[in-house]
Amino acid sequence: MLAAQRQALILEQVRRSGGVRVTELVESLDVSDMTVRRDLDALEARGLLRKVHGGALAPHRHSTEEPGFEANATCQEAEKRAIAAAAARLVEPGSAIGVSAGTTTCALAHHLREIPGLTVVTNCLRVADVFYRSPRSDQTVVLVGGLRTPSDALVGPLAVAAVRSLHLDTLLLGVHGIDPQAGLTTPNLMEGETDQALVEAARKLIVVADHTKWETVGLCTIAPLERCDVLVTDAGLHAEARRQVSERVGGLIVAEEVEEARPEPPEAGAGGRVPPSRRGG
(Lines give C-alpha, C1' and ligand atoms only; values in the text may rest on other atoms or scores of the structure.)
Protein backbone atom coordinates (compact mmCIF):
# COMPACT_ATOMS: atom_id res chain seq x y z
CA MET A 1 0.00 0.00 0.00
CA LEU A 2 1.34 3.44 -0.92
CA ALA A 3 1.97 6.08 1.73
CA ALA A 4 -0.79 8.31 0.30
CA GLN A 5 -3.28 5.45 0.57
CA ARG A 6 -2.31 4.70 4.17
CA GLN A 7 -2.55 8.34 5.14
CA ALA A 8 -5.98 8.65 3.54
CA LEU A 9 -7.19 5.69 5.61
CA ILE A 10 -5.69 7.21 8.76
CA LEU A 11 -7.43 10.52 8.13
CA GLU A 12 -10.74 8.78 7.49
CA GLN A 13 -10.49 7.01 10.84
CA VAL A 14 -9.59 10.27 12.61
CA ARG A 15 -12.58 12.03 11.04
CA ARG A 16 -14.89 9.15 11.91
CA SER A 17 -13.83 8.50 15.51
CA GLY A 18 -11.93 11.64 16.50
CA GLY A 19 -8.63 9.86 17.08
CA VAL A 20 -6.43 6.83 16.35
CA ARG A 21 -3.94 4.72 18.28
CA VAL A 22 -0.60 3.66 16.84
CA THR A 23 -1.09 0.05 17.96
CA GLU A 24 -4.43 -0.16 16.17
CA LEU A 25 -2.99 1.31 12.97
CA VAL A 26 -0.05 -1.12 13.00
CA GLU A 27 -2.53 -3.99 13.09
CA SER A 28 -5.14 -2.64 10.66
CA LEU A 29 -2.62 -1.39 8.06
CA ASP A 30 -0.21 -4.31 8.55
CA VAL A 31 2.85 -2.06 8.72
CA SER A 32 5.54 -1.33 11.29
CA ASP A 33 5.27 1.04 14.23
CA MET A 34 7.90 3.27 12.58
CA THR A 35 5.91 3.49 9.34
CA VAL A 36 2.77 4.55 11.19
CA ARG A 37 4.67 7.21 13.10
CA ARG A 38 6.16 8.60 9.88
CA ASP A 39 2.66 8.82 8.40
CA LEU A 40 1.42 10.64 11.49
CA ASP A 41 4.38 13.05 11.32
CA ALA A 42 3.57 13.82 7.69
CA LEU A 43 -0.13 14.40 8.39
CA GLU A 44 0.63 16.59 11.41
CA ALA A 45 3.02 18.69 9.31
CA ARG A 46 0.11 19.37 6.93
CA GLY A 47 -2.14 20.37 9.82
CA LEU A 48 -4.50 17.45 9.26
CA LEU A 49 -4.16 15.92 12.74
CA ARG A 50 -2.23 16.41 15.97
CA LYS A 51 0.01 13.78 17.50
CA VAL A 52 -0.47 12.79 21.13
CA HIS A 53 1.13 10.12 23.27
CA GLY A 54 0.40 6.76 21.63
CA GLY A 55 -1.58 8.07 18.68
CA ALA A 56 -3.19 11.11 17.11
CA LEU A 57 -6.34 13.21 17.38
CA ALA A 58 -8.27 15.50 15.09
CA PRO A 59 -6.66 18.95 14.80
CA HIS A 60 -7.55 21.59 17.37
CA ARG A 61 -10.72 23.47 16.57
CA HIS A 62 -11.00 27.23 16.84
CA SER A 63 -12.02 28.19 20.37
CA THR A 64 -15.43 29.40 19.13
CA GLU A 65 -16.19 26.39 16.90
CA GLU A 66 -19.22 24.52 18.22
CA PRO A 67 -20.04 21.15 16.62
CA GLY A 68 -23.70 20.19 16.54
CA PHE A 69 -25.15 17.34 18.58
CA GLU A 70 -25.39 14.96 15.63
CA ALA A 71 -21.76 15.55 14.63
CA ASN A 72 -20.54 14.75 18.14
CA ALA A 73 -22.85 11.79 18.63
CA THR A 74 -20.91 9.60 16.18
CA CYS A 75 -17.51 10.21 17.83
CA GLN A 76 -16.10 7.90 20.54
CA GLU A 77 -19.43 6.09 20.92
CA ALA A 78 -18.01 3.08 22.79
CA GLU A 79 -15.99 5.31 25.11
CA LYS A 80 -19.03 7.45 25.89
CA ARG A 81 -21.13 4.40 26.72
CA ALA A 82 -18.45 3.17 29.12
CA ILE A 83 -18.11 6.60 30.74
CA ALA A 84 -21.88 6.91 31.11
CA ALA A 85 -22.19 3.53 32.85
CA ALA A 86 -19.33 4.34 35.25
CA ALA A 87 -20.66 7.81 36.10
CA ALA A 88 -24.16 6.53 36.80
CA ARG A 89 -22.77 4.31 39.55
CA LEU A 90 -21.70 7.47 41.41
CA VAL A 91 -25.27 8.81 41.66
CA GLU A 92 -27.19 8.10 44.85
CA PRO A 93 -30.90 7.19 44.75
CA GLY A 94 -33.17 9.98 45.96
CA SER A 95 -30.69 12.77 45.22
CA ALA A 96 -31.18 16.04 43.34
CA ILE A 97 -28.87 16.13 40.33
CA GLY A 98 -28.04 18.45 37.47
CA VAL A 99 -27.26 17.09 34.01
CA SER A 100 -25.74 19.44 31.45
CA ALA A 101 -26.01 19.20 27.67
CA GLY A 102 -23.88 16.92 25.54
CA THR A 103 -23.68 13.55 23.86
CA THR A 104 -21.96 11.88 26.83
CA THR A 105 -24.54 13.19 29.30
CA CYS A 106 -27.28 12.03 26.94
CA ALA A 107 -25.81 8.52 27.04
CA LEU A 108 -25.66 8.87 30.82
CA ALA A 109 -29.36 9.77 31.01
CA HIS A 110 -30.30 6.27 29.85
CA HIS A 111 -28.59 4.84 32.95
CA LEU A 112 -30.04 7.48 35.27
CA ARG A 113 -33.56 6.37 34.35
CA GLU A 114 -32.89 3.22 36.38
CA ILE A 115 -32.04 5.07 39.62
CA PRO A 116 -35.08 5.53 41.89
CA GLY A 117 -36.20 8.78 43.45
CA LEU A 118 -34.09 11.20 41.42
CA THR A 119 -34.90 14.85 40.87
CA VAL A 120 -33.18 15.75 37.60
CA VAL A 121 -32.54 19.34 36.52
CA THR A 122 -31.26 19.73 32.98
CA ASN A 123 -30.83 22.40 30.33
CA CYS A 124 -30.63 19.79 27.57
CA LEU A 125 -33.57 18.90 25.36
CA ARG A 126 -32.08 15.52 24.47
CA VAL A 127 -31.49 14.55 28.09
CA ALA A 128 -35.03 15.55 29.10
CA ASP A 129 -36.43 13.55 26.18
CA VAL A 130 -34.74 10.37 27.45
CA PHE A 131 -36.67 10.67 30.72
CA TYR A 132 -39.92 11.77 29.09
CA ARG A 133 -39.97 8.73 26.80
CA SER A 134 -39.85 6.32 29.76
CA PRO A 135 -41.28 8.26 32.71
CA ARG A 136 -41.09 6.97 36.29
CA SER A 137 -43.51 8.01 38.99
CA ASP A 138 -40.67 8.33 41.51
CA GLN A 139 -38.56 10.68 39.37
CA THR A 140 -39.02 14.41 38.76
CA VAL A 141 -37.50 16.03 35.68
CA VAL A 142 -37.08 19.79 35.42
CA LEU A 143 -36.18 21.26 32.02
CA VAL A 144 -35.05 24.88 32.27
CA GLY A 145 -35.95 27.33 29.51
CA GLY A 146 -33.73 29.45 27.31
CA LEU A 147 -32.19 29.85 23.87
CA ARG A 148 -31.28 26.68 21.99
CA THR A 149 -27.65 26.08 20.95
CA PRO A 150 -26.25 23.74 18.23
CA SER A 151 -25.55 21.19 20.98
CA ASP A 152 -29.24 21.28 22.00
CA ALA A 153 -28.55 23.13 25.24
CA LEU A 154 -30.96 25.76 26.57
CA VAL A 155 -28.96 28.78 27.68
CA GLY A 156 -29.15 32.48 28.45
CA PRO A 157 -30.71 34.67 31.18
CA LEU A 158 -33.80 32.50 31.67
CA ALA A 159 -31.74 29.34 32.15
CA VAL A 160 -29.26 31.05 34.46
CA ALA A 161 -31.99 32.59 36.62
CA ALA A 162 -33.75 29.23 37.00
CA VAL A 163 -30.57 27.36 37.92
CA ARG A 164 -29.38 29.96 40.44
CA SER A 165 -32.49 29.41 42.54
CA LEU A 166 -31.71 25.70 43.00
CA HIS A 167 -29.48 23.59 45.26
CA LEU A 168 -28.20 20.34 43.76
CA ASP A 169 -26.45 17.42 45.39
CA THR A 170 -24.46 16.53 42.27
CA LEU A 171 -23.83 17.97 38.82
CA LEU A 172 -22.92 15.67 35.94
CA LEU A 173 -21.17 17.97 33.50
CA GLY A 174 -20.18 17.34 29.90
CA VAL A 175 -17.55 19.70 28.49
CA HIS A 176 -16.08 20.74 25.14
CA GLY A 177 -12.53 20.69 26.44
CA ILE A 178 -10.28 20.07 29.45
CA ASP A 179 -6.96 21.84 29.76
CA PRO A 180 -4.51 22.14 32.68
CA GLN A 181 -4.41 25.94 32.33
CA ALA A 182 -7.82 26.82 30.86
CA GLY A 183 -9.75 24.29 32.93
CA LEU A 184 -13.19 23.07 31.83
CA THR A 185 -14.26 24.98 28.72
CA THR A 186 -16.98 25.51 26.12
CA PRO A 187 -17.01 27.46 22.82
CA ASN A 188 -20.37 29.10 23.57
CA LEU A 189 -20.36 32.11 25.91
CA MET A 190 -24.00 31.76 26.96
CA GLU A 191 -23.64 28.03 27.50
CA GLY A 192 -20.56 28.78 29.57
CA GLU A 193 -22.56 31.12 31.79
CA THR A 194 -25.33 28.55 32.21
CA ASP A 195 -22.84 25.79 33.04
CA GLN A 196 -21.15 28.11 35.55
CA ALA A 197 -24.50 28.54 37.29
CA LEU A 198 -24.99 24.76 37.37
CA VAL A 199 -21.53 24.30 38.90
CA GLU A 200 -22.26 26.94 41.56
CA ALA A 201 -25.58 25.26 42.41
CA ALA A 202 -24.02 21.83 43.04
CA ARG A 203 -22.17 20.48 46.08
CA LYS A 204 -20.38 17.81 44.04
CA LEU A 205 -19.10 18.10 40.46
CA ILE A 206 -18.63 15.01 38.29
CA VAL A 207 -17.20 15.71 34.83
CA VAL A 208 -17.79 13.15 32.07
CA ALA A 209 -15.42 13.51 29.12
CA ASP A 210 -13.63 11.16 26.73
CA HIS A 211 -9.89 11.40 26.14
CA THR A 212 -10.17 13.55 23.00
CA LYS A 213 -11.31 16.48 25.17
CA TRP A 214 -7.89 16.68 26.85
CA GLU A 215 -5.95 19.85 25.87
CA THR A 216 -8.92 21.09 23.84
CA VAL A 217 -9.73 24.70 24.75
CA GLY A 218 -13.02 26.47 24.13
CA LEU A 219 -13.62 30.21 24.29
CA CYS A 220 -15.11 30.27 27.79
CA THR A 221 -13.91 28.67 31.03
CA ILE A 222 -16.68 27.02 33.03
CA ALA A 223 -14.57 26.20 36.08
CA PRO A 224 -10.94 25.49 36.95
CA LEU A 225 -9.81 21.87 36.91
CA GLU A 226 -9.51 21.89 40.72
CA ARG A 227 -13.26 22.45 41.08
CA CYS A 228 -13.90 18.99 39.66
CA ASP A 229 -14.50 16.37 42.35
CA VAL A 230 -14.42 13.39 39.97
CA LEU A 231 -13.42 13.08 36.32
CA VAL A 232 -14.80 10.03 34.52
CA THR A 233 -12.95 9.36 31.28
CA ASP A 234 -11.80 6.42 29.14
CA ALA A 235 -8.64 4.38 28.75
CA GLY A 236 -7.45 6.53 25.85
CA LEU A 237 -6.29 9.26 28.25
CA HIS A 238 -2.50 8.97 28.24
CA ALA A 239 -0.33 8.54 31.32
CA GLU A 240 0.94 12.12 31.55
CA ALA A 241 -2.59 13.49 31.35
CA ARG A 242 -3.70 11.07 34.06
CA ARG A 243 -0.86 12.27 36.26
CA GLN A 244 -1.84 15.91 35.84
CA VAL A 245 -5.50 15.16 36.49
CA SER A 246 -4.71 13.09 39.59
CA GLU A 247 -2.73 15.98 41.06
CA ARG A 248 -5.54 18.50 40.61
CA VAL A 249 -8.85 16.61 40.66
CA GLY A 250 -10.44 14.90 43.64
CA GLY A 251 -10.79 11.55 41.87
CA LEU A 252 -10.10 10.00 38.47
CA ILE A 253 -12.15 7.09 37.13
CA VAL A 254 -11.05 5.40 33.91
CA ALA A 255 -13.98 3.53 32.41
CA GLU A 256 -13.21 0.36 30.49
CA GLU A 257 -15.08 -0.41 27.30
CA VAL A 258 -17.19 -3.56 27.39
CA GLU A 259 -17.34 -5.58 24.22
CA GLU A 260 -20.76 -6.73 23.07
CA ALA A 261 -21.39 -10.41 23.72
CA ARG A 262 -20.90 -12.64 20.70
CA PRO A 263 -23.21 -15.59 20.00
CA GLU A 264 -21.85 -18.95 21.07
CA PRO A 265 -21.12 -21.50 18.31
CA PRO A 266 -23.68 -24.33 17.96
CA GLU A 267 -23.18 -27.14 20.44
CA ALA A 268 -22.49 -30.60 19.13
CA GLY A 269 -24.98 -33.36 19.86
CA ALA A 270 -24.24 -36.86 21.15
CA GLY A 271 -21.02 -38.28 19.78
CA GLY A 272 -19.90 -34.84 18.65
CA ARG A 273 -22.50 -34.64 15.86
CA VAL A 274 -24.55 -31.54 15.19
CA PRO A 275 -28.26 -32.21 15.77
CA PRO A 276 -30.24 -32.51 12.50
CA SER A 277 -32.16 -29.27 13.15
CA ARG A 278 -28.88 -27.35 13.18
CA ARG A 279 -27.24 -28.90 10.13
CA GLY A 280 -26.74 -26.70 7.11
CA GLY A 281 -28.07 -27.31 3.57
Side-chain angles (χ1 to χ4, degrees), residues 8-30 36 40 43 49-61 67-91 99-115 124 126-127 129-131 133-134 151-152 172-178 184 206-216 228 230-242 245 249 251-264:
L9 290 173
I10 292 171
L11 282 178
E12 176 58 30
Q13 187 170 338
V14 170
R15 293 190 184 106
R16 184 174 63 250
S17 60
V20 291
R21 294 173 179 159
V22 170
T23 53
E24 294 172 349
L25 292 174
V26 167
E27 183 177 350
S28 64
L29 299 175
D30 194 23
V36 168
L40 295 181
L43 292 169
L49 52 71
R50 55 189 173 99
K51 290 178 63 181
V52 295
H53 181 78
L57 301 174
H60 282 299
R61 302 185 180 109
F69 187 96
E70 298 298 342
N72 273 336
T74 57
C75 298
Q76 285 74 50
E77 293 180 88
E79 290 91 337
K80 290 173 181 177
R81 288 194 297 269
I83 291 168
R89 291 193 285 269
L90 303 177
V91 177
V99 183
S100 75
T103 52
T104 307
T105 51
C106 191
L108 172 59
H110 290 276
H111 294 276
L112 296 176
R113 287 185 311 181
E114 307 305 317
I115 301 176
C124 181
R126 304 268 186 156
V127 168
D129 191 52
V130 170
F131 290 96
R133 287 183 179 183
S134 302
S151 61
D152 280 347
L172 297 140
L173 179 71
V175 297
H176 172 80
I178 304 175
L184 313 172
I206 299 173
V207 175
V208 290
D210 67 75
H211 69 278
T212 65
K213 304 298 178 66
W214 181 253
E215 292 187 330
T216 294
C228 177
V230 181
L231 170 63
V232 186
T233 187
D234 64 273
L237 190 68
H238 60 79
E240 174 58 21
R242 295 188 194 191
V245 169
V249 171
L252 172 64
I253 295 176
V254 178
E256 297 293 337
E257 298 172 36
V258 179
E259 294 184 5
E260 295 183 4
R262 297 180 181 179
E264 294 292 331

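Keep in mind that this is a model prediction, so the values were computed, not measured.
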Exercise: identify the closest heavy-atom pair between [X] and [Y]:
X      : Y      : answer
Cys124 : Ala101 : CB-CA, 3.5 Å
Ala84  : Ala107 : CB-C, 3.7 Å
Ala109 : Val127 : CB-CG1, 4.0 Å
Val207 : Cys228 : CG2-SG, 3.6 Å
Thr233 : Ala209 : OG1-O, 2.9 Å
Arg21  : Ala235 : NH2-C, 4.0 Å

Next item on the list: Measure from the side-chain N and O atoms of Lys213 to the backbone N and O of Val175, and report whether any donor-acceptor pair falls under 3.5 Å.
Entry: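 Checked: pair present.
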Next item on the list: Examine distances only and state if a side-chain atom of Asp234 and a backbone atom of His211 form a donor-acceptor pair shorter than 3.5 Å.
Entry: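 Yes; judged by distance alone, with no hydrogens or angles, the pair exists.
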Can you tell me how far the [atom1] atom of [X] sits from the [atom2] atom of [Y], to the nearest 0.5 Å?
X      : Y      : atom1 : atom2 : result
His110 : Arg81  : NE2   : CZ    : 11.0 Å
Leu172 : His111 : CG    : NE2   : 12.0 Å
Arg126 : Thr103 : CZ    : OG1   : 10.0 Å
Arg133 : Asp129 : CZ    : CG    : 4.0 Å
Thr105 : Ile83  : OG1   : CD1   : 11.5 Å
Leu43  : Leu11  : CG    : CG    : 4.5 Å

Checklist line | Exceeds 12 heavy-atom contacts within 6.0 angstrom, atom CD of Glu27 | finding: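 Count not over threshold, so no.
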Margin query: So, applying side chain to side chain contact (heavy atoms under 4.5 Å, CB included) with Val208, which one of Leu173, Thr104, Leu231 is it?
Written below: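 Between Val208 and the candidates, side chain to side chain contact (heavy atoms under 4.5 Å, CB included) is satisfied uniquely by Thr104.
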Next item on the list: With sequence neighbours left out, write down each residue that passes side-chain contact (heavy atoms from CB on, under 4.5 Å) with Ala8, or none if nothing qualifies.
Entry: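 So Ala8 forms no side-chain contact (heavy atoms from CB on, under 4.5 Å) with any residue.
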Note to self: Under the rule for side-chain contact (heavy atoms from CB on, under 4.5 Å), what residues qualify as partners of Ala86, not counting sequence neighbours?
What the structure shows: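 Checked Ala86 against side-chain contact (heavy atoms from CB on, under 4.5 Å); matches are Arg89, Val232, Ile253, Ala255.
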Note to self: Holding to side-chain hydrogen bond (donor to acceptor under 3.5 Å, both in side chains), I want the full list of residues that pass it with Arg242, two or more places apart in sequence or in another chain.
What the structure shows: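 By the side-chain hydrogen bond (donor to acceptor under 3.5 Å, both in side chains) rule, Arg242 matches no residue at all.
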Checklist line | Steps toward side-chain contact (heavy atoms from CB on, under 4.5 Å) verdict (Leu40, Val22) | finding: CA-CA 9 Å; Leu40 295 181; Val22 170; 3.9 Å; yes
Note to self: I'd like to check Ile178 versus Val245 (side-chain heavy atoms, cut-off strictly below 4.5 Å). Are they in contact?
What the structure shows: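 No. Closest side-chain heavy atoms not under 4.5 Å.
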